[in-house]
Amino acid sequence: MKIVTLTVGSILMLSGAALAQTAVTATTDLNVRAGPGPQYQVVGAIPADGSATIEGCLENSKWCRVSFDGQAGWAYSDYLTTDFSGQRVIITERRADVGVPVATYDNSADGALAGGATGATVGALVGGPVGAAVGGVAGLAVGASADIADPDIEYVRSNPVDPIYLEGEVVTGAQLPGTVELREIPQSKYRYVYVNGQPVIVQQDTRQIVRVIR
């Protein structure tokens, strides 16, 4: 899936060297959004083990400006790793060491918000970056994801519900907080909800996301 070019109002400014870039790898299928936050629309995705470059990250935030397949957007750095002195490290944890520049974002481009969403986040997705990097978190849901029936997926697509917004990014293996209401899928052991503008299928007992429907 190609990433569309952002609107003119989406302005990035880097402190230091404007052309500084860091090569990164996604630890899971990772959304790229039109802006730095879960309310912004998804404009593409970096596949698991796919390569991209970081141009800069917001100060005191996990959202980073990335370039993938010739286009640009924003991705969540918990699920981005890079090589640092021969070791694979997570951008969130070693950003200063790696030397990723600081970026700022002009949020005047309201049209980039998912469905015009402007509400605040109501919680956070749980999915440790270290676990994701080594397959410990994302890997928990791989087996479950494989046995989801096509009718379940079609039902979720055909029966949208109001989305909730959680800090973080929707990825396979992330866990929903207990305050999120799960919706039934008829004759299925799974539940579903729309999170950060995307439908996801959830394992009821663990509340883990087992499929992100794109």
> What is the distance from atom CD1 of Ile54 to atom OG1 of Thr82, rounded to the nearest 0.5 Å?
Replying inline: 7.5 Å
>> I'd like to know whether Leu80 forms a side chain to side chain contact (heavy atoms under 4.5 Å, CB included) with Thr27, so could you lay out the CA-CA distance, the side-chain angles of the two residues, the decisive distance to 0.1 Å, and finally the verdict.
In response: CA-CA 6 Å; Leu80 294 171; Thr27 63; over 6 Å; no
>> My understanding is that only one of Asp69, Val42, Val66 makes a side chain to side chain contact (heavy atoms under 4.5 Å, CB included) with Val32; could you say which?
In response: Val66
> Quick check: are there more than 12 heavy atoms from other residues, nucleotides or ligands sitting under 6.0 Å from CG of Asp205?
Replying inline: yes
> Looking only at atom types and distance, does a side-chain atom of Gln208 sit under 3.5 Å from a main-chain N or O of Gly173, one as donor and one as acceptor?
Replying inline: yes
> How far apart are the closest heavy atoms of Ser61 and Arg95, and which atoms are they?
Replying inline: O-NH1, 2.9 Å
>> Using every non-hydrogen atom in the two residues, find where Gly197 and Pro163 come nearest and quote the distance to one decimal.
In response: N-CB, 4.1 Å
>> Any side-chain to backbone donor/acceptor pair from Asn196 onto Leu166? Under 3.5 Å, distance only.
In response: yes
> Within the side chain of Arg211, is there an N or O that forms a donor-acceptor pair under 3.5 Å with the backbone of Val202?
Replying inline: no
>> So, taking the atom named CD1 in Ile46 and the one named OG in Ser51, what distance separates them when rounded to the nearest 0.5 Å?
In response: 9.0 Å
>> Quick check: do Thr206 and Gln203 have side-chain heavy atoms less than 4.5 Å from each other?
In response: yes
> What's the shortest heavy-atom distance between Val170 and Arg33, and which atoms?
Replying inline: CG2-NH2, 4.1 Å
> Taking the six-membered ring for Trp, are Tyr76 and Tyr79 parallel (under 30°), tilted (30 to 60°) or perpendicular (over 60°)?
Replying inline: tilted
>> To the nearest 0.5 Å, what is the distance between CZ on Arg191 and CG on Leu176?
In response: 13.5 Å
> Which is it for Val210 and Ile148 under the side chain to side chain contact (heavy atoms under 4.5 Å, CB included) test, yes or no, and what are the steps along the way?
Replying inline: CA-CA 9 Å; Val210 295; Ile148 297 174; 3.5 Å; yes
> Step by step, would you call Tyr190 with Asp147 a side chain to side chain contact (heavy atoms under 4.5 Å, CB included)?
Replying inline: CA-CA 11 Å; Tyr190 297 111; Asp147 69 358; 2.5 Å; yes
>> Quick test of your reading of the model: are Arg157 and Asp152 salt-bridged, counting only N-O distances below 4.0 Å?
In response: no
> So, for Arg207 and Pro177, which heavy atoms are closest and what is the spacing to 0.1 Å?
Replying inline: NH2-O, 2.9 Å
> Thr81 versus Ile91: any side-chain heavy-atom pair under 4.5 Å?
Replying inline: no
> So which heavy atom on Gly56 is nearest to which on Ala103, and how close?
Replying inline: C-CB, 3.8 Å
> About how many Å separate CG of Leu125 and OH of Tyr165, when rounded to the nearest 0.5 Å?
Replying inline: 13.0 Å
>> With no hydrogens and no angle check, just 3.5 Å: does a side-chain donor-acceptor pair link Ser77 and Thr92?
In response: yes
> Okay, side chain of Arg183, backbone of Val193: is any donor-acceptor separation there less than 3.5 Å?
Replying inline: no
> Is there a donor-acceptor pair under 3.5 Å between the side chain of Asp29 and the backbone N or O of Ala48?
Replying inline: yes
>> Under a 3.5 Å distance rule, please check whether Tyr194 uses its side chain to pair with a backbone N or O of Val156 as donor and acceptor.
In response: yes
>> What I'd like to find out is whether the side chain of Gln175 reaches to under 4.5 Å of the side chain of Val180, using heavy atoms alone.
In response: no
> Quick one: does Asn159's side chain have a donor or acceptor within less than 3.5 Å of a partner on Tyr155's backbone?
Replying inline: yes
> Tell me, do Ile213 and Ile201 make a side-chain contact under 4.5 Å, heavy atoms counted?
Replying inline: yes
>> Is there a side-chain contact between Trp63 and Cys57 in this structure, where contact means two heavy atoms from C-beta onward sitting under 4.5 Å apart?
In response: no
> If you round to the nearest 0.5 Å, how far is CG of Asp78 from SG of Cys64?
Replying inline: 9.5 Å
>> I need the Trp74 CH2 to Glu55 CD distance, nearest 0.5 Å.
In response: 9.0 Å
> Which heavy atom of Phe68 sits nearest a heavy atom of Pro47, and at what distance?
Replying inline: CZ-CD, 3.5 Å
> Can a salt bridge be assigned to the pair Glu169 and Lys62 using a cut-off of 4.0 Å between side-chain N and carboxylate O?
Replying inline: no
> Would you call Val171 and Ile209 a side-chain contact if the rule is heavy atoms closer than 4.5 Å?
Replying inline: no
>> Do Asn31 and Gln198 pair up side chain to side chain, a donor and an acceptor below 3.5 Å, judged on atom types alone?
In response: yes
